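Here, residue 1 is the first one in the sequence, and each next residue gets the next number. Small disclaimer: the values here were computed from a predicted structure and weren't measured.
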Amino acid sequence: MTENMADLMVSLHDDKIDMIAATSVLQQQAGDIRQTKINWQSYMQSQMISSEDYNCVSALDGDKKNSYLQQNQAQSAKTLLNLLSHVSKDQTIQYILVMIDDLLQEDRTRVEIFHDYATKRKESVWGPFLNLLNRQDGFIVNMSSRILAKLACWGHEQMPKSDLNFYLQWLKDQLTVNSNEYIQSVGRCLQMMLRVDEYRFAFVSVDGISTIVSILSSRVNFQVQYQLVFCLWVLTFNPLLAEKMNKFNIIPILADILNDCAKEKVTRIILAVFRNLIEKPEDSQVSKEHCIAMVQCKVLKQLSILEQRRFDDEDISSDVEFLTEKLQNSVQDLSSFDEYSTEIKSGRLEWSPVHKSAKFWRENAQRLNEKNYELLRILVHLLETVKDPLVLSVASFDIGEYVRHYPRGKRVIEQLGGKQLVMQLLSHEDPNVRYEALLAVQKLMVHNWEYLGKQLEKDKEGASAAKPGAAPISGKA
């Protein structure tokens, strides 16, 4: 799917989301707020708003809103932004935000009314809404966020870098709030923002992908799953980001969700991400690694199951066919080292045949030194951070085999901090971990004894050479 087609799909998705607004807490509350009436006259009589603003907001809140707005664009923007800045009552702020959001939802080009007004006044159109993100009221905060996303995505003017980083950081933080009832609204804003390429890189710079992956690896409802995977999908339309994506371990996470999910739209969007991870990278080696990672995570098995099902969406069938062909081809080209490398990078170690193959270690132990010891660093990192006994057992075994088959391996492992971590596992609660750690330590020590034996031989030779009549070792008298 091209990015233009993706934009069309996103737009259709936007419209569909608004049609089924009842599923969103924010939209449910907005519906209730629309039914209330604000006494604008009391605000004018108490001199809280000017007569000019009173006339404008009364018109915008009436039946002839559209005709008034068309003839009084600058005044409309001025009044609505004035009210946001000068009114303090939560209920009224809520109502004004719903008015603004409805104006924009009815016609996307109306974002330019606000942009043009702010530009002419040399003011920030973002400031009033960013300030509202600090309010205590959840509706005010999340409706302001929704309007910010529309202003940032539907107009010709992009959000400035400092405001953008603040806003994206705020969205990211909202994803991690426990039991956030507005999480769908947060996800919705991200889905909009990440359509813009410049915003994608800004999101990555605030470590947004790691947050999405972390949430997806926990138990969340299917709607949030769909929204966050959708965000990953939009990100993968950028070739550079598609190449970096699996460094965040998204293939194993998405493979798990694909295995468990029952919702067609979640299946569809995961397959679309997988397809982009193969199609979009400009480096063919990265595409190959992504294919291998999918094979490693048993995606082929899931594809064969999906082939037996009937889907209303033709994209699913097309993606299943594409992925099946690509993954099957990658299996045929797969070397044992490719397989091993992909497994290590996934962090999901198991006793696959390659680990126990003496031939593999004889031929490939030295290759673990490539790319500044990349694979060894991952193994050591797993020993330090992972709790899974199986992963710890396999990682310990691999470090022992590396040392056994690579002459200078002991020194490398010591420099990377691996020896100390393996020795700590000697007291692990799991007997299998203790056993593999003990074997690895023995291999480390045997290597040491061999070195010590060579030193003893050298010392012995040196002692013989130093006997009376022998030439001095240093050459000095």
Go through the side-chain N and O atoms of [X] and [Y] and say whether any donor and acceptor fall under 3.5 Å apart.
| X | Y | answer |
| --- | --- | --- |
| Ser352 | Glu343 | yes |
| Lys410 | Gln415 | no |
| Lys263 | Gln225 | no |
| Arg188 | Ser24 | no |

Indicate yes or no for a side-chain donor-acceptor contact from [X] to the backbone of [Y] under 3.5 Å, with no hydrogens or angles considered.
| X | Y | value |
| --- | --- | --- |
| His290 | Leu277 | yes |
| His355 | Asp398 | no |
| Asn246 | Ile251 | yes |
| Ser357 | Pro353 | no |

For residues 383-394, dump all side-chain donor-acceptor pairs below 3.5 Å to protein atoms at least two apart in sequence or in another chain.
from	atom 1	to	atom 2	distance (Å)
Thr385	OG1	His381	O	2.8
Asp388	OD1	Leu390	N	3.0
Ser393	OG	Pro389	O	2.8

- Message: Any carboxylate oxygen within less than 4.0 angstrom of a Lys/Arg side-chain nitrogen, looking at Arg377 and Glu374?
- Response: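 Here Arg377 does not pair with Glu374 in a salt bridge, since their nearest N and O are not under 4.0 Å apart.
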
Between Asp207 and Lys172, is there a salt bridge with N-O shorter than 4.0 Å?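 Result for this pair is no, no salt bridge flagged.
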
Item checked: Listed partners of Ile183 passing side-chain contact (heavy atoms from CB on, under 4.5 Å), at least two apart ->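 Per chain and number, Ile183 pairs via side-chain contact (heavy atoms from CB on, under 4.5 Å) with Leu175, Asn180, Val224.
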
Query raised in the report: Are any non-hydrogen side-chain atoms of Tyr402 and Leu376 less than 4.5 angstrom apart?
Result: yes

Within a strict 4.5 Å, meaning less than it, do heavy atoms of the Met193 and Leu164 side chains meet? yes

Contacts satisfying ring pair (Phe, Tyr, Trp, His ring centres under 6.0 Å) that involve residues 382-401 (not counting sequence neighbours) are Trp351-Phe397

Between [X] and [Y], which heavy-atom pair has the shortest distance, and what is it?
| X | Y | value |
| --- | --- | --- |
| Ala272 | Trp233 | CB-NE1, 3.4 Å |
| Val234 | Leu194 | CG1-O, 2.8 Å |
| Leu171 | Cys189 | CD2-CB, 3.9 Å |
| Gln302 | Leu258 | OE1-O, 3.8 Å |
| Leu303 | Val320 | O-CG1, 3.9 Å |
| Phe203 | Leu168 | N-CD1, 3.6 Å |

For the residue pair His405 and Trp361, does the interplanar ring angle fall in the parallel (under 30°), tilted (30 to 60°) or perpendicular (over 60°) class?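 Parallel: the ring planes of His405 and Trp361 meet at under 30°.
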
Requested in this report: Could you tell me whether Trp126 and His115 have their ring centroids closer than 6.0 angstrom?
Outcome: yes

